[in-house]
Each structure stands twice: as C-alpha cells, then as structure tokens.
Amino acid sequence: MPRQILVTAALPYANGHIHIGHLVEYIQTDIWVRFQKLRGHRCIFVCADDTHGTAIMIRARREGRSEEAVIADMREAHMRDFAGFQIQFDNYGSTNSPDNKEACHQIWAAITKAGLVKTRSVEQLFDPVAGTFLADRFVRGTCPRCTAADQPGDNCSVCGAAYTPADLRDPRSILSNAVPELRSADHLFIELEQLRPFLEDWSQNGGHLQSEVARYLKGNFLGDPLRDWDISRPAPYFGFEIPDHPGNYWYVWFDAPIGYIGSTREWCRQHSEHVEAWWGRDSAAEIHHFIGKDITYFHTLFWPGMLHTAGLNLPSKVHVHGFLTVDGEKMSKSKGTFLMASTWLRHLPPGALRYYYSTKLGPGLDDIDLNVEEFVARVNTDLVNKVVNLASRCAGFLAGQTLADTYPDDGGLFAAGAARGDAIAAFYEDCNYNAATREIMALADRANKYVDDLQPWVIRKDPARSAELRDVCSVTLNLFRQIVVYLSPVLPGLAQQTAELLNQPITSWDEAARPLTGTLVSPFQHLMKRLEMKQVQAMVEESRQENAAEQSAAATPVAQSATPVGPAFHPADRWQDAGDALKNEPLAAECTIDDFTKVDLRVARVLEANHVEGANKLLQLTLSLGGGEVRNVFAGIKAAYKPEDLVGRLVICVANLKPRQMKFGLSQGMICASGAGGTEVFLLSPDTGAVPGHRVH
RNA sequence: GGCGGCGUAGCUCAGUUGGUUAGAGCAGCGGAAUCAUAAUCCGCGUGUCGGGGGUUCGAUUCCCUCCGCCGCUACCA
C-alpha cells in the first residue's frame, strides 16, 4: 500500500549562502525522499527560502536596493547550490509568496478565533534615524557591570553579564550609530499555555519525536507555564502585514514554517491537486519535517500548536539532526573550514559528500564530524576500491556483449543480497544511513571475494570457457547493480551511470531482488574518480581566502554606508589613527582564554644575533630565558634590524612553540613583532622592570 | 547556575531490553593475487567499554558520585 508522504527540510534564510553545514540536512532529507520514491510511495519534497525579518531589511538598506531584489538573488543562488548537490525538490518556494500569505491569513484567522491572541505593550530600543525598533543584536554599548566598551545588546562578551539593551551605557544603534530611545509598542502574543494539554500529549505520545527531543521538551518547557510567544513586529519590518492590526507585521518565525504549506500550495496549483489532500486534517498524508536541533523549539511546540489550532494535519514525525563540525571543531572561517556549497563544487564531486554524510548520519541528534582525512579514505575505499571496482573488474570482459540470458548459479550470493533489502530499507526509513551503508558495503566485500575466488582473468585465457566467463561477469555485474540500487538514494549519479552501463534504468527498490539478464553491456568508462588530499587542501585554502576577503569587506562599518549620525567627537579621533592595519589583516576568529593560555609568551634577552649565511630575510638569535635556559630562533627581521642593535635587548618570544627544522637549522620559537613585514617590522619590548623568564599574561 | 548529551581498539563509530571469548570500517603488520582507478582477497586486536562506589549470582549495559568534553539555556524561546 503506497504511502502519501510530504517531506520538508528547514527553509534556508535568504541572508546567506548554503554551506556544508546546511547540506547535512538537505542531503539527509533528499536521501530519505529518494528512498521513499524508490520504494514506490507517493512522496513530495517541498522547501522554500525564508525571506522575512529585520536582517533582510537591513541588508537591503545597506546594499541600497529592495528586499525583493535581495531575496531574488539569494533564491537563485540557493537553488543553484542545491541542484549542484543533487537535492531534488518537488517545489522550491519563498515565504514571500502569495500562496504563503494566503496560508498565513488562514492560520491567523483560526488562531484569533480560538482566542489565543492577546496584545501587550513591549518596551524596546528604537533607532530614531533608521526609524526602526532594534533587536538586541543591533545595539552595542558599554557593559553596565564591567564597563567593557562596544558590547552586544544582550550580554557582555568580556564579563558575561546578561542585561537588556536598555541597560547598556552609551548604547548605539549599529545601523546608524544613533543613540537609541526607549519606546513602547503594542505587540501581539500567542498564549501557548492554552495549548498545553494538546502539546503535552502530542510531544510525549505517538512517536512524533525522537526520545531525546521529547525528553528535552518535557524538561525544558513543559515543566513550567509556557510563555506567551511574541509574533508581531511594528513597522517598518519586511514581512506580511497582519490583517486586523495595520502597521504590524508577523514575526519571521510565524510565517517561516507556514512556508511549508505555502510551498505545497504552489506545487498543488502546478499539479492540479488540492492542498487539503496534504494539509487537511482528514488527509491521509504523512508529514515529515527534517530540521536541525537549533530550531527544535519552533517545530515541536509552536508549529504543531498552530496546526492544531487551525485544524490542519499534524506532523507525523519531526526528524532532528545535529550540527556539523570539521576536523572536530566548529566550522571556522579563518581556517577555511566554513565551506560554502559553491566552493565545494568547484573542487569535489557532490556524491562524495553525500556518501560521506551517509556513513556518519544516524537517527539521533549527535553532531557529525567531517574529518577530511577520513573523508578521502572513506570515499575512495568504499566507493572506488570496493563498489565501482566490481564493475571495473568485469565490465571490460563483457563490453559489447550481453549479460547471460538466464541468471547463473552464484552460490546464493544475489539472493542473500536481496534478502538484506528489507533490513537496509528499515535503516533508511529510520534515518540510520550509517547502518545502511555499512550493510551495503558488506555486500560489496562479498562480491569482491566472489571475483577473487572465480578468477575471471584466468578463465578468459581459455577460449573454450567463454560461456563461463560471461556467467561470472554477469553475476558480478548483477551484484554490483544490486549494490547500486541500494545506494541510489545516496548516489543518484552512480545509479544513472550504471543504468547507462547496463542499459537498464533503476527505478525501483525491487530491482535489487531481480537479477538483470540479457541486456547489452556498454563499453566501460570510469564511474568515479579517486579523491586526492590535494583537492581538499586546495578547496580549504580557497575558502580561507574567500572568507578573509569577505571579512575585510565586512569590516567597513555599517555606519559608513548608512547615514552617519553620531557624536561630533570620538575619543579615537584624537590620534587620527587610520584603519588600514586592521583592514589589511582583519581580526581572527574569537578565541577563549584557554586558547590564549596555550601560548606561552616569555620575556627573553637577546644574547647573540647573527646574519645567516645564504638567508635573505633571516637573522639567527640566541635568546636567554634566564637561568641558563637558551633558545635558538630564526627570525625574519633582517631587513628591519641590525644584529648589533639587538644584542642585549629584551624581546617577547613564544617559548613553547613546537621546534621547526628550517633550512639553516632548528628554530625553537618565535619572537613577537607587529607590522607588515619587510622593513616594517616592529619588535615588542616589555616596559622597564621585566626580566627574562617572565611570562606574559 | 539549570537542563541535556557524550566519554567503547591509533582514528571514526556500532552494540549491550544485564549473562558464555565486547564488534565494524579505516589505519598498521604478515601473506596471496595481478582482472581492476597503487584497487582486491586471506590472516593478525591481552581495549581497566572515563575514575570510584552501589544494586545483582553476574554490569561495559541499571543507580549514585567524581573527572573530562560538548551543546542548549539563564525573562520577547
């Protein structure tokens, strides 16, 4: 009995490009959808750009164009990136669409009618120049507790104090640099607490949520009265105006999930279907949302609450996944691991990432790690060495001929593989791709062993055994194809190439249980190239440079392009320091005190300084940390300092740096200096009183 | 501070509804093979299942506690 399944992935925000962290979700979801379709179910996959909110409004102002122009460009970029990674949506809409607006109106009417909406006055900082209320992150000022300057509006990054933007001393709007005013405005709230009985039941029963998620809600939200949800913003705001409250707009998180319905409506119009067949309360459709754990709250409390109140179909399951780390760390712009989808596609094939993610993804919300060395090894070993190798080993012997007319005796191998089909399908269904790929690779191992045992390369030498050769190759190619059927949700490209090789498309999961006979075998072409570490390194390097360029561009303050309004005098103006140095070398990513502590900086005295024979830039220094502890250091300061001027002076050195073998000898540290290099090098010195061995804190 | 999660072989992770010798892949070592994109096949793991305590005939699996790591949260979530 075919199921009717509506699948969604979270709507990417129109303020940024798709990166490999986003792709965890889109790949996970796309695989699930392709799997369902392959199984013969009726399944549609809808998504859309999330387009509303303050951030888009600000961006449009900064770029001096309309919000519509900003989101149109980004939508195009998103769709291009998704297509590049073989993410196949049935419809890709926008939350800023007539269909979505209509859906918002419909749900709003129901929520209002149910008596869930109330009005309350909210005090908030207002930017009189930009003419807009300011979300916390758009205000900066001096921390009221520790007086650190230029802190964000919600908490202090120096002392950790939490406060409201109104508590800041000397607050500034980052939009216009104006001094914000405290103003009040009426906001609309949804009284979620009224839905408590429903939410407790829905979230805890019926298996709609992973057990961790159900527990999380129970412990974090359902234990206390549910807070009212502020869902309106006063003008100006880029979004939909609330029909019965002119001058107020729905908060972006109100209309974003409704975008799932809006996108479905679009699809329905294009396919002459009724949206009620999917979202109506009596619909037989299952609804599956795939989201990241950061937006669990919206999808497991607000969203079902809204649907319930509006009398619509509820999610069958919300699949929550974890975040992506790269080499065990958060993706980092400065390290180049904050990889954009488009950057990836310039260097590496999409299938490699799809497959690697599959080997890491399980049904839980654990973060997954992209370890680049493992990535290269895994993809090469599994896909090239094992799977594709099967075709590569045998297709050549049979090119231009046909597969055996009846499937030969293979000792039960194909049947055994077919028998694993249900188990593999269950893993896919449960989003346990990691287990699915493991299972599939075991089939590839067995198939390779079959080839080793039967030795077609020996059989080929005897013309009398040509029928036997054809049988062995037919078996191997069928085992290969069976594996490809199982992998096809992950690797649609490989499925397509295999269809061309064996002249038979792969359209159904059941084909893994039916050996192919009698079809022509096309001349073999490589189905996949091995990855090289070089490619990954080049990609990371390009990404690092892109981000550095972007950051120095972004370092230009908003205030410069917005109307400059601010104090006539700023303390920094007294010295007239230009911003070039900072611009040329933007600030590195934030580090913790622990990171800083790892670097052991010490005061050292230069005992000796010498030219290095054959070196253009280096001086060789002998540093003393006191008490007879000396270090040999090569420093690139020859153009800026004469050796004789250095001897005797104090410098700051990195004393615990891993020694490095250089062309001219072993360098056991670095000395600290600022400047662009060349003749512009300025050594750091401690003030009078410091002695060699002092640690710099 | 609160809540949650994690800590299993060099690496990435399975697993155990408590029960005979705790698993896989990768890496490593030895051998075979040479059809195949330096790919394949066979053999090789004495790991305190983070430390300690408890419950039990028996715990890596349940409970408590400690250590370490991480995430979320700390009034517009």
Side-chain angles (χ1 to χ4, degrees), chain A residues 120-124 133 135-136 154-155 160-165 185 187-190 192 211-213 215-221 223-224 226-233 251 253 292-298 300-302 322-323 325 327-330 356 359-362 364-371 373-398 432 434-435 437-439 441-442 444-461 469 472-473 476 524-532 594:
Chain A
R120 202 197 314 154
S121 178
V122 172
E123 283 203 322
Q124 207 178 355
F133 282 93
D136 293 359
D154 47 2
N155 62 69
Y163 42 72
T164 73
H187 282 225
L188 298 168
F189 290 80
I190 292 179
L192 214 54
S211 58
E212 301 98 303
V213 177
R215 234 178 295 135
Y216 164 75
L217 294 176
K218 197 173 176 182
N220 281 282
F221 300 101
D224 297 316
L226 293 161
R227 290 198 287 267
D228 298 340
W229 184 32
D230 181 354
I231 51 80
S232 76
R233 294 293 183 271
Y251 174 48
W253 261 110
K293 62 186 181 184
D294 52 329
I295 55 177
T296 300
Y297 181 81
F298 297 99
T300 57
L301 291 180
F302 292 151
F323 296 143
T325 55
D327 284 338
E329 298 176 358
K330 261 190 179 168
Y356 183 72
T359 67
K360 307 293 272 186
L361 278 166
L365 357 175
D366 304 310
D367 291 349
I368 66 170
D369 185 45
L370 167 55
N371 178 296
E373 283 183 23
E374 190 203 15
F375 161 72
V376 170
R378 180 112 250 158
V379 171
N380 286 341
T381 304
D382 288 0
L383 297 182
V384 183
N385 301 356
K386 288 181 178 174
V387 176
V388 161
N389 189 227
L390 289 167
S392 183
R393 296 179 88 172
C394 286
F397 296 148
L398 221 51
N432 199 350
N434 148 31
T437 51
R438 212 184 312 220
E439 189 77 38
M441 284 312 131
D445 288 340
R446 270 176 252 164
N448 270 306
K449 180 169 162 46
Y450 171 85
V451 180
D452 269 53
D453 291 346
L454 277 284
Q455 304 184 312
W457 59 92
V458 174
I459 299 173
R460 185 183 56 154
K461 287 176 184 155
L469 178 67
V472 170
C473 293
T476 306
F524 182 75
Q525 301 171 358
H526 281 188
L527 301 174
M528 209 174 275
K529 267 203 299 224
R530 300 177 65 75
L531 308 179
E532 289 179 52
D594 294 333

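We name chains A, B, ... by the order of the sequence lines, and we start the count at 1 in each one.
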Legend entry - Atom pair distance, as rounded to whole Å: CG in A:Asn385 and C1' in B:G25: 13 Å
Inset, instruction - Quick one: label A:Asn371 by what it contacts on the DNA or RNA (base, sugar-phosphate, nothing), any heavy atom closer than 4.0 Å. - result: nothing
Legend entry - Rounded distance (Å) that lies between atom P of B:G23 and atom CG of A:Asp445: 18 Å
Inset, instruction - Write down the distance between CG (A:Asp369) and P (B:C13), rounded to a whole number of angstrom. - result: 6 Å
Inset, instruction - Give a yes/no answer on whether the side chain of A:Arg530 brings an N or O atom under 4.0 Å of OP1 or OP2 in B:A39. - result: yes
Inset, instruction - Name the nucleic acid region contacted by A:Asp228, choosing base, sugar-phosphate or nothing; use a 4.0 angstrom heavy-atom cut-off, strictly under. - result: nothing
Inset, instruction - Pick base, sugar-phosphate or nothing for A:Val388, based on heavy-atom distances below 4.0 Å to the nucleic acid. - result: base
Inset, instruction - Report the distance from atom CH2 of A:Trp457 to atom P of B:U34, rounded to the nearest whole Å. - result: 7 Å
Inset, instruction - Quick one: label A:Met528 by what it contacts on the DNA or RNA (base, sugar-phosphate, nothing), any heavy atom closer than 4.0 Å. - result: base
Legend entry - Ion pair A:Glu373/A:Arg378, N-O distance below 4.0 Å: no
Inset, instruction - Would you classify A:Phe189 as touching base, sugar-phosphate or nothing, given that sugar-phosphate means primed atoms plus P, OP1 and OP2, and contacts are heavy atoms under 4.0 Å? - result: nothing
Legend entry - A:Lys386 side chain near B:C26 phosphate (N/O to OP1/OP2, under 4.0 Å): yes
Legend entry - Greater than 12 external heavy atoms within 6.0 Å of A:Gln525's CD: no
Inset, instruction - Decide whether A:Asn434 and A:Thr359 meet the rule of one side-chain donor and one side-chain acceptor closer than 3.5 Å. - result: no
Inset, instruction - Identify, between A:Val451 and A:Asp382, the residue whose nearest nucleotide on RNA chain B lies closer to the 5' end. - result: A:Asp382
Legend entry - A:Asn448 or A:Tyr356, whichever maps to the more 5' nucleotide of RNA chain B: A:Tyr356
Inset, instruction - Please determine, for the side chain of A:Val122, which listed nucleotide (B:C35, B:C76, B:C26) has the closest atom? - result: B:C76
Inset, instruction - For A:Leu390, report the nucleic acid contact type (base, sugar-phosphate, nothing); a contact means any heavy atom under 4.0 Å. - result: nothing
